[in-house]
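Order of the sequence lines sets the chain letters (A, B, ...), proteins ahead of strands, with each chain counted from 1. We use all heavy atoms of the structure for the numbers below, so side chains are in, but hydrogens, waters and symmetry mates are not.
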Amino acid sequence: MSKRSAAITVTNLNSKKAKHWSLGLLESMKDPESVVKRTKQTVVIKDKYPKAKIHYLVLPQDDINSIYKLDKSHIKLLEEFGDVFKDIQNETDLPLRAGFHAVPSMQRMHMHIISTDMVSPCLKTKVHWNSFTTKHFRPYADVLEELKEKGCIEKMSPELHKSLMSTELQCNQCSYKPKNMPQLKEHLLTHQK
DNA sequence: GTTCTAGAAC
DNA sequence: GTTCTAGAAC
């Protein structure tokens, strides 16, 4: 047995089985350091790796895995998400957007509330950028409307998702098309007052 | 979702 | 030679 595999074996024997990363939001919902506020049906937490100056997540207290589990019985719940958005917008002068990722990575339905500056050290990759600035970001109002109209939320095809993630970089505030992520991040600073 | 890093791009 | 991106992670 090599030194490397022996070390891994010892580590695994000594540590409890790690929870999968995709369950992380459920842990954050129970962590007082993360929780910003609670309402009757929601919990608001700080995003652990904020992609803008303000970045919160709104989650249902009930065990709903994603927007694709919603039906017409959840319209009241979703409207409460809208109330939370209004309340948080009223707490800051920074313009905010609220919406859901069409293909989320983390379990438990969650709505992003994020400021439009997109200035953050945690914003690093093209996938980060395109997740929030292409049709992969489904605005709150659109999701509420679709739920009211259709009684459910339609999934995005893997093909469209892949194509959105590889969209060329485009500034969210002007027509500038940066060559790469460092250029985009530098450019975003110029939009600040 | 993040971290790490090989090798592409410059 | 350095910067940057993209794919594996058992």
Worksheet item: Given Met111(A) and Val84(A), is the side-chain contact (heavy atoms from CB on, under 4.5 Å) satisfied, shown in steps?
Response: CA-CA 10 Å; Met111(A) 181 175 79; Val84(A) 170; 5.7 Å; no

Discussion item. If we ignore hydrogens and angles and just use 3.5 Å, is the side chain of Thr42(A) paired with the main-chain N or O of Arg38(A) as donor and acceptor?
Written reply: no

Worksheet entry | Gln89(A) (side chain) donor-acceptor with Asp93(A) (main chain) under 3.5 angstrom | no

Practice prompt. Could you tell me whether Glu27(A) and Lys19(A) make a salt bridge, using a distance below 4.0 angstrom between a side-chain N and a carboxylate O?
Written response: yes

Worksheet item: Under a 4.0 Å N-O cut-off, is there an ion pair linking Glu91(A) with Lys37(A)?
Response: yes

Practice prompt. List for me each residue that meets ring-ring contact (aromatic ring centres under 6.0 Å, His included) alongside His101(A), sequence neighbours excluded, and say none if there are none.
Written response: His112(A), Phe132(A), His136(A)

Worksheet item: Can you list, by residue number, the residues of residues 156-191 of chain A that have a non-hydrogen atom closer than 4.0 angstrom to DNA chain C?
Response: Asn180(A), Met181(A), Pro182(A)

Worksheet entry | Inter- and intrachain pairs under side chain to side chain donor-acceptor pair (under 3.5 Å), touching residues 120-135 of chain A, at least two apart | Thr125(A)-His128(A), Trp129(A)-Thr133(A)

Worksheet item: Using Watson-Crick and G-U wobble pairs with both distances under 3.5 Å, what is the 5'-to-3' dot-bracket string of DNA chain B, with [ ] for crossing pairs and | for pairs outside the strand?
Response: .|||||||||

Practice prompt. Count the heavy atoms belonging to other residues, nucleotides or ligands that lie under 6.0 Å from NZ of Lys48(A), then report whether that count exceeds 12.
Written response: no

Worksheet item: What do you reckon, is CD of Glu154(A) surrounded by more than 12 foreign heavy atoms closer than 6.0 Å?
Response: no

Item to complete: List in chain and number order the residues that pass side-chain hydrogen bond (donor to acceptor under 3.5 Å, both in side chains) with Lys148(A), two or more places apart in sequence or in another chain; answer none if no residue qualifies.
Response: Glu79(A)

Item to complete: Could you run through nucleotides 1-10 of chain B and give me one letter per nucleotide, 5' to 3': B if any protein heavy atom sits under 4.0 Å from the base, S if only the sugar-phosphate is that close, - if neither?
Response: BSS-------

